[in-house]
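Beneath this line is the structure, given in structure tokens, with notes to follow.
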Number of protein chains: 2
Amino acid sequence: MKSPTAAPEPSASNVKGAQTLMRALDILDEVIAGPVRSADLARKLDISKTTAHRLVQALRSRGYLSITKDGFALGPKLLQLGVHATEQIDFVRVATPFMTELSHETGFCVFVGKREGDWSRHLERITGTQRLRVATAPGDRRPIAETGLGKALLLDEPEEVWEVLYRQSREGSVTKKEVAAFISHMRQHASAGYVQHDSELGDSVRSIAVPIRDARGKIAIAISVASAAHYLTEQVKPTLTAAIIATAAKIGEAVGQTQIR
Amino acid sequence: MKSPTAAPEPSASNVKGAQTLMRALDILDEVIAGPVRSADLARKLDISKTTAHRLVQALRSRGYLSITKDGFALGPKLLQLGVHATEQIDFVRVATPFMTELSHETGFCVFVGKREGDWSRHLERITGTQRLRVATAPGDRRPIAETGLGKALLLDEPEEVWEVLYRQSREGSVTKKEVAAFISHMRQHASAGYVQHDSELGDSVRSIAVPIRDARGKIAIAISVASAAHYLTEQVKPTLTAAIIATAAKIGEAVGQTQIR
DNA sequence: CGATACGTCACGCATTATGGAACGCCTTTT
DNA sequence: AAAAGGCGTTCCATAATGCGTGACGTATCG
């Protein structure tokens, strides 16, 4: 059985014997914000002008930096790496440790999922400590407008799309009033940045879901906590919601989401 | 006066005193193709298993690599850097040295430009050795369907867009036949990958233009050689075209264009 | 026309990174 | 079942690597 501790992540300071590399990466971090002069780098990172110069030239020779009239900027090589990273990165794998952490903190069961056309696909589940479990398993596919997780994946869509998908999930048998209510709720969710969803199947399943955006700001996946309404009461909701949002923010940061501005 | 030699580019081997960094970047280069095991890296790069391990852990601790079940893959940090690089990179600055080289090789005048809505903006010009010069100057804006450079920027657009922009450049006074001819020519250009354009103003200006794509494959800028038809004869055209295409390829590589597939 | 600040180069010292050896854990082979 | 091989990991002595001091040429500013 797996030990409960998460994967041993080398926490940056953990790693010894790569000073040159670390300093070079520090430089890249500084340059993210915008062009920086070599001398400024030396000061901010507290290294000698010479070292800054050497590292900057090395990075430039590899295309990681380029020279502009007001200092060094990110270079073309990073475009290439960025594109390939997009293809290679497994969002779920990145998210899993954070989900585990959340599950341990709260005791609830945590899910991740992504959009597949008009469906939402559940990709991974971290089981919590509660006896009563939501049956949804990794691999399950549900109409996207029908789950909290799915709705979180739709938060950036225009209202017309919401309507179409909602009608689709109800297979047409739906009143105008219901549609209007759905849209209205989605609007609230979108402005709040998270979704609270009560199952319409009468099984008292309640979930809270939050979308996670990739580096381009596009919603890539969503995480959700789902449980019986018996556990997920109005009292615990505020704290829990905050915890989920915090976790989503951490994951977002880990997948390179541009900082909130 | 500037020396005729291009900017002193640190040509990778030029840079000394950054072994650790260079090896780490070599690792990233290997991983671009797909997940690689740490031991394989040690072999391919001819370094000890220990060193490979240390570098890989360092890169991972910073998010440049991530662990997958079949080795190390590019990490989420590269998404972030990629996005910011897209904002920061000055394609013209990257292109200029290559354009200079082309100009010296051929003697012709070389231009770069980008698209601005329905216009093409000339951004930089490397003057050649010829007495007779095309007057277009950096900063000039022309209707996009009216110049070779502009047409190169449109090669990926659907035919409807070609038609709209062509009519626009002619201010409506255009026959169906002319439109059909334009579309037909554009089709040829698109499949050839370059544009040959003879000015319709009767000034005997002829140009050859090639688009340059960014890391996502989207046309970002275009370069062109323009001259009096007196210089740009049918005899020199094949050689010149090949040279321009080669230069465009080099620039494309420099801005991280995914290899031709 | 000094004064400041930047990028660049050369050089000697010691900090830093290197590879060998060895270990535990797996899967594959015998 | 045992042996063999491959992988990721840790420890350690060694010297090679990367560090900062100092100095030079050049632009920017007052």
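As the structure is a computational prediction, the values presented were derived from the model and not from experiment.
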Exercise. How does each nucleotide of nucleotides 7-23 of chain D score, in 5' to 3' order, for protein heavy atoms under 4.0 Å: base (B), sugar-phosphate only (S), or none (-)?
Worked result: SBBBB-----SSBBBB-
Do any side-chain atoms of residues 35-47 of chain B form donor-acceptor pairs under 3.5 angstrom with protein atoms, and if so which ones, sequence neighbours left out?
from  : atom 1 : to    : atom 2 : distance (Å)
B:R37 : NH2    : B:K69 : O      : 2.8
B:D40 : OD1    : B:R43 : NH2    : 2.6

Exercise. Any side-chain heavy atom of B:K114 within less than 4.5 Å of one from B:I219?
Worked result: no
Exercise. Distance-only, no hydrogens or angles: does the B:R115 side chain make a donor-acceptor pair with backbone N or O of B:I144 under 3.5 Å?
Worked result: no
Exercise. Whole Å only: how far is the CG atom of A:D70 from the P atom of D:dT28?
Worked result: 13 Å
Problem set entry | Any side-chain heavy-atom pair of B:V210 and B:V195 under 4.5 Å | no
Exercise. Do B:I89 and A:P76 have side-chain heavy atoms sitting under 4.5 Å apart?
Worked result: yes
